[in-house]
Visitor: 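Take a look at the following structure, please.
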There are 2 protein chains.
Amino acid sequence: MNTRNRILEAADELFYRDGIRSVSVDTIAKKAGVTKRTLYYNFRSKDDLIAAYLEARSDPTLSRYRRWFQEFDGTVAERIAGMFGKLAVWAKSPRWKGCGFARAAAELAGAPGHPAIAVASRHKKCFEQLFVELLRSEGVSKAGFVAQQLMVLLDGAITEILIHHDYSYAQVAGDAAMTLIEAHLKRSQALPGRRDLPRPGVHTEH
Amino acid sequence: MNTRNRILEAADELFYRDGIRSVSVDTIAKKAGVTKRTLYYNFRSKDDLIAAYLEARSDPTLSRYRRWFQEFDGTVAERIAGMFGKLAVWAKSPRWKGCGFARAAAELAGAPGHPAIAVASRHKKCFEQLFVELLRSEGVSKAGFVAQQLMVLLDGAITEILIHHDYSYAQVAGDAAMTLIEAHLKRSQALPGRRDLPRPGVHTEH
DNA sequence: GTCTATACACAGATAGAC
DNA sequence: GTCTATCTGTGTATAGAC
């Protein structure tokens with residue numbers, strides 16, 4: 001494995017475990033088995049390394065959740081609820097420390113223009129798009145709207161688990177996901193002609 | 001105002017704005033108009049000050065949400081949806097930087113025994129208990145369960161808004177809250193007294 | 001590209017006077 | 001209780017050799 005990836009691997013382990021501001025570049029360089037000068041040859045700055053750390057984390061995270069979804073049979077509601085059940089198990093690992101993207105955004109809230117925040121935002125939007133596709137494949141109306149709700153449930157559950165170390169929040173969130181998806185299935189069946197109407201008031205501001 | 005409170009006020013402003021690890025005790029002391037030595041006379045350590053900062057933040061936060069709830073009429077579902085609508089407005093302030101408790105827990109995920117995490121957990125449990133009481137007062141079944149779901153929605157919405165700067169997540173979370181509460185309403189109690197009011201707060205001016 | 005060595009600022013925390 | 005002055009470790013980042 002090349003030097004840059006060794007550094008990234010060390011950064012991933014330490015940034016995720018201890019938080020991005022708690023970890024020094026010295027520590028990362030030491031763990032990667034290189035000197036600080038080599039680290040700064042491969043990355044312009046620590047901020048640059050932080051953004052690269054999140055960037056490298058995005059695809060594996062999405063793949064994991066996609067795999068969890070595929071491990072279940074049934075309706076899309078049941079399979080997404082299953083995803084939340086998998087999260088509950090996953091979170092019990094002693095290495096689990098919440099969502100690296102949300103935690104980075106929380107730490108960097110005082111640095112609005114930080115490149116890592118843009119990476120985190122992009123990752124979450126990709127995740128939301130995954131939900132959109134899953135929902136559309138079963139004809140859920142207003143898939144974009146419901147996908148936003150699922151993202152809220154997912155990140156909310158992760159936050160509560162991180163604060164309380166109470167894994168039941170994943171289950172109640174999964175239950176909520178199921179209720180919400182089924183509610184929109186009923187609505188689309190009850191009002192078949194209105195499924196494509198835009199919703200005023202929930203329009204995004206990007 | 002006494003010295004301790006002046007320090008706490010400065011800490012609140014800086015910790016919330018920039019994050020607890022980004023702010024030095026020097027900066028806080030300077031803002032409070034005292035020397036570092038005085039700060040260390042009033043607080044044993046920076047960790048101690050962080051815990052005190054969150055402790056002082058808890059009651060005002062709960063009061064604010066309680067006040068938002070009371071500003072609305074209608075069913076408990078509608079009033080809680082109204083709370084989420086208020087959050088959307090509140091979050092648009094340039095000083096808003098998400099939930100101080102969740103952000104502190106995110107920053108301190110690498111320091112499991114930190115006293116501030118216990119404070120954050122206690123605060124969130126108080127908040128959840130507030131939801132329990134509101135739900136029970138209108139005969140929602142499984143109030144504890146639904147209150148957990150509402151906490152997930154609240155902290156999830158805050159997380160998404162912080163990451164994307166997209167305030168619509170408060171609205172979709174409020175909508176989800178309403179759907180979930182109504183799904184758990186005891187129909188024997190809910191149907192006779194149920195009014196068909198418009199939903200305040202979820203269609204605010206955007 | 002990777003090394004040794006170091007610049008320079010700032011972190012948390014303390015000593016001791018008054 | 002609040003001050004001035006300071007200790008000690010560590011932070012990000014860079015210079016220049018090979």
Side-chain angles (χ1 to χ4, degrees), chain A residues 1-56 103-104 107-117 119, chain B residues 1-56 103-104 107-117 119:
Chain A
M1 187 189 280
N2 66 30
T3 307
R4 186 187 161 90
N5 282 339
R6 276 217 320 283
I7 297 170
L8 269 178
E9 199 173 355
D12 181 80
E13 198 165 326
L14 292 167
F15 279 153
Y16 180 71
R17 193 186 69 185
D18 296 334
I20 55 185
R21 298 219 104 113
S22 300
V23 178
S24 69
V25 289
D26 296 73
T27 310
I28 293 170
K30 218 165 278 175
K31 188 171 194 83
V34 299
T35 61
K36 202 158 46 168
R37 194 65 188 83
T38 300
L39 190 151
Y40 275 103
Y41 178 83
N42 286 277
F43 299 91
R44 217 184 314 161
S45 65
K46 184 184 179 183
D47 289 333
D48 213 48
L49 179 56
I50 294 168
Y53 143 68
L54 287 186
E55 192 71 56
R103 278 176 59 209
E107 284 203 58
L108 298 172
H114 198 289
I117 297 178
V119 178
Chain B
M1 188 189 278
N2 66 32
T3 307
R4 185 187 162 90
N5 283 340
R6 276 215 320 282
I7 296 170
L8 269 178
E9 200 173 357
D12 181 80
E13 199 165 326
L14 293 168
F15 279 153
Y16 180 71
R17 193 187 67 186
D18 296 334
I20 55 185
R21 299 219 105 114
S22 300
V23 178
S24 68
V25 290
D26 295 73
T27 310
I28 294 169
K30 217 165 279 175
K31 188 171 195 84
V34 300
T35 62
K36 199 157 49 167
R37 194 64 188 83
T38 300
L39 190 151
Y40 275 103
Y41 178 83
N42 285 276
F43 300 91
R44 217 183 313 162
S45 65
K46 185 184 180 183
D47 290 333
D48 213 48
L49 178 57
I50 294 168
Y53 143 67
L54 287 186
E55 191 71 55
R103 278 177 60 209
E107 285 204 58
L108 298 172
H114 198 289
I117 297 178
V119 177

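Protein chains get the first letters and strands the later ones, always in sequence-line order, with residue 1 at the start of each. Source: prediction; values computed, not measured.
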Visitor: Per the side chain to side chain contact (heavy atoms under 4.5 Å, CB included) rule, which among A/Val23, A/Ile28, A/Ile20 passes with A/Leu49?
Guide: A/Ile28
Visitor: Flag the pair B/Ile7 / B/Thr3 as yes when at least one side-chain heavy-atom distance between them is below 4.5 Å, and no otherwise.
Guide: yes
Visitor: Please state how far atom CG in B/Leu49 lies from atom P in C/dA13, giving the value in whole angstrom units.
Guide: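 Going from B/Leu49 (CG) to C/dA13 (P), I get 10 Å.
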Visitor: On the nucleotide D/dG1, are OP1 or OP2 found under 4.0 Å from the side-chain N or O atoms that B/Thr3 carries?
Guide: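 Checking D/dG1 against B/Thr3, no side-chain N or O comes under 4.0 Å of OP1 or OP2.
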Visitor: If you take all heavy atoms of A/Ala52 and A/Arg4, which pair is closest and at what distance?
Guide: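 Closest pair (atom of A/Ala52, atom of A/Arg4, distance): CB-NH2, 4.3 Å.
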Visitor: In residues 35-44 of chain A, which ones come under 4.0 Å of DNA chain D, going by heavy atoms?
Guide: A/Lys36, A/Arg37, A/Tyr40
Visitor: Can a donor-acceptor pair be found, under 3.5 Å and without considering hydrogens, that links the side chain of A/Glu107 to the backbone of A/Arg21?
Guide: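 Yes, the answer is positive, given that a donor and an acceptor are paired below the 3.5 Å cut-off.
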Visitor: Restricting to non-hydrogen atoms, name the atom on A/Leu54 and the atom on A/Ala104 that form the minimum distance, rounded to 0.1 Å.
Guide: CD1-CB, 3.8 Å
Visitor: Is any side-chain heavy atom of B/Phe43 closer than 4.5 Å to a side-chain heavy atom of B/Leu8?
Guide: yes
Visitor: Where do B/Ile50 and B/Lys46 land on the side chain to side chain contact (heavy atoms under 4.5 Å, CB included) test, with the steps shown first?
Guide: CA-CA 6 Å; B/Ile50 294 168; B/Lys46 185 184 180 183; 4.3 Å; yes
Visitor: Quick one, A/Glu9 and A/Asp12 - any side-chain contact, counting heavy atoms below 4.5 Å?
Guide: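 When only atoms from C-beta onward are counted, A/Asp12 and A/Glu9 do not touch, as no gap falls below 4.5 Å.
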Visitor: What is the distance, rounded to the nearest whole Å, between atom CD1 of A/Ile7 and atom P of D/dA13?
Guide: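 In whole Å, D/dA13 P and A/Ile7 CD1 are 14 Å from each other.
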Visitor: Please give me every residue in residues 16-29 of chain A whose heavy atoms get under 4.0 Å of an atom in DNA chain D, ordered by residue number.
Guide: A/Val23, A/Ser24, A/Val25, A/Asp26
Visitor: Nearest-Å distance, CG (B/Asn2) to P (D/dT2)?
Guide: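 Those two atoms, CG and P, are 9 Å apart.
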